[in-house]
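Presented below is the structure to which this report refers.
Atoms within each ligand, like the ligands themselves, are counted from 1 in listed order. Keep in mind the model is a prediction, meaning the values are calculated, not measured. No hydrogens, no waters, no symmetry mates; every other heavy atom, side chains included, goes into these values.
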Amino acid sequence: MDTGILQYKLVRPGLLKEIIWLNEVSSTNEYAAIHNLGSDTLVITDNQTGGKGRFGRVWYSTPGKNISMSLVKSFRIGVDEIHNAGFYTSLKLLESILNTHAHLDEKLALKWPNDLMLNGRKAAGLLMDCRDLKSPVKKIILGIGLNVNESEFDGEIRHKATSLFAETGSESELEGQIVSFVNEFYTGIDLISDTAALMKKWRNRCCHIGMPVRFRLLSDGEEKNGIARDIGNDGSLKLETEDGKLVSYYSGEISLILSGMKIGT
Ligand code: BTN
């Protein structure tokens, strides 16, 4: 990875304060938390050996092929707005890919709560960590895993995951994607506090409103089918269950059901 270009394009103009490049690290999120890194710091690695996904899952990435990074950012937001950071980041990640791959417009979408989908498969995930819940300024670690040049997906993710390479047939420069994301992230960042506008934009890119989904509440393994009616401004999934009730869920995950097949994670 050419970290010089990242310094030149992201630190010199004053977007980021610091970029920490690590040849190898267990998890960039964990590194940012342990070292109590300050706002506007980006941690990137070529080889994340213990990458973490949501709900304690493993996030695997072939060394040198993809983007594994954590952006530390402080926001003056309330506890009830912390989820905005996830919706904002996933939206900006999508827009940053459109900047470099405009032809993927029709294929890029968001899946609740923070997944980036490409042609119906997961191309990126977000893991957030916020420990300043009581402080008016909340420092959030935004951990992003974006599959860029990955060509093989094994095991249970084989039919659920994809990458920019898998969809376009050509390799993309990791540096260019990182620069595009950071620029996009810092453009119009006040949107994070304008919940109604943010969620409207997010919903416009959501791939499952009005669609049949299978919902999993990972805390207790509960699973149910229903129709994903909406995403509330509070970040909740509004699921119409099979018995006709509209239930709000604040955590969990969904897979789309298309003619009997489940799509995505
Ligand atoms: C998910 O389960 O969808 C979230 C995946 C998040 C992976 C990224 S890779 C960089 C950062 N460091 C981690 O250990 N996880 C996140």
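- Note: His83 and Phe87 have perpendicular aromatic rings, judged against thresholds of 30 and 60 degrees for the angle between ring planes.
- Under a 4.0 Å heavy-atom criterion, Glu30 is not in contact with ligand 1.
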Exercise. Stepwise, does the side-chain contact (heavy atoms from CB on, under 4.5 Å) test hold for Val213 with Leu239?
Worked result: CA-CA 9 Å; Val213 294; Leu239 185 76; 3.6 Å; yes
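- When only non-hydrogen protein atoms are considered, atom 2 (O) of ligand 1 lies nearest to Arg54 N, 2.7 Å.
- Side chain to side chain, Lys122 and Asn147 fail the donor-acceptor criterion of an N or O pair below 3.5 Å.
- If you look at Ile144 next to ligand 1, the close heavy atoms, those under 4.0 Å, all belong to the backbone.
- Numbered from 1 in the order shown, with element, the atoms of ligand 1 that lie under 4.0 Å from a heavy atom of Leu126 read 3 (O), 4 (C).
- There is no side-chain donor-acceptor pair under 3.5 Å between Gln48 and Ser61.
- Scanning the protein heavy atoms around atom 6 (C) of ligand 1, the nearest turns out to be Lys52 O, 3.6 Å.
- Protein heavy atom at the shortest distance from atom 5 (C) of ligand 1 is Trp59 CE3, 3.4 Å.
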Problem set entry | Verdict with supporting geometry, Asn36 and Lys139, side-chain contact (heavy atoms from CB on, under 4.5 Å) | CA-CA 10 Å; Asn36 194 19; Lys139 194 165 75 178; 2.8 Å; yes
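- Protein heavy atom at the shortest distance from atom 3 (O) of ligand 1 is Lys122 NZ, 2.5 Å.
- Taking a cutoff of 4.0 Å between a charged side-chain nitrogen and a carboxylate oxygen, Lys224 and Glu222 qualify as a salt bridge.
- Distances between N or O atoms of Ser70 and those of ligand 1 include no value under 3.5 Å.
- In terms of protein heavy-atom proximity, atom 10 (C) of ligand 1 is closest to Thr28 OG1, 3.2 Å.
- Annotation: Phe185 is in aromatic contact with Tyr88 [ring centroid separation under 6.0 Å].
- Using modelled atom types, one finds a donor on one side chain and an acceptor on the other under 3.5 Å when comparing Asn233 with Arg203.
- Each of the following atoms of ligand 1 lies closer than 4.0 Å to a heavy atom of Gly51: 14 (O).
- At least one N/O-N/O distance between Gln48 and ligand 1 falls below 3.5 Å.
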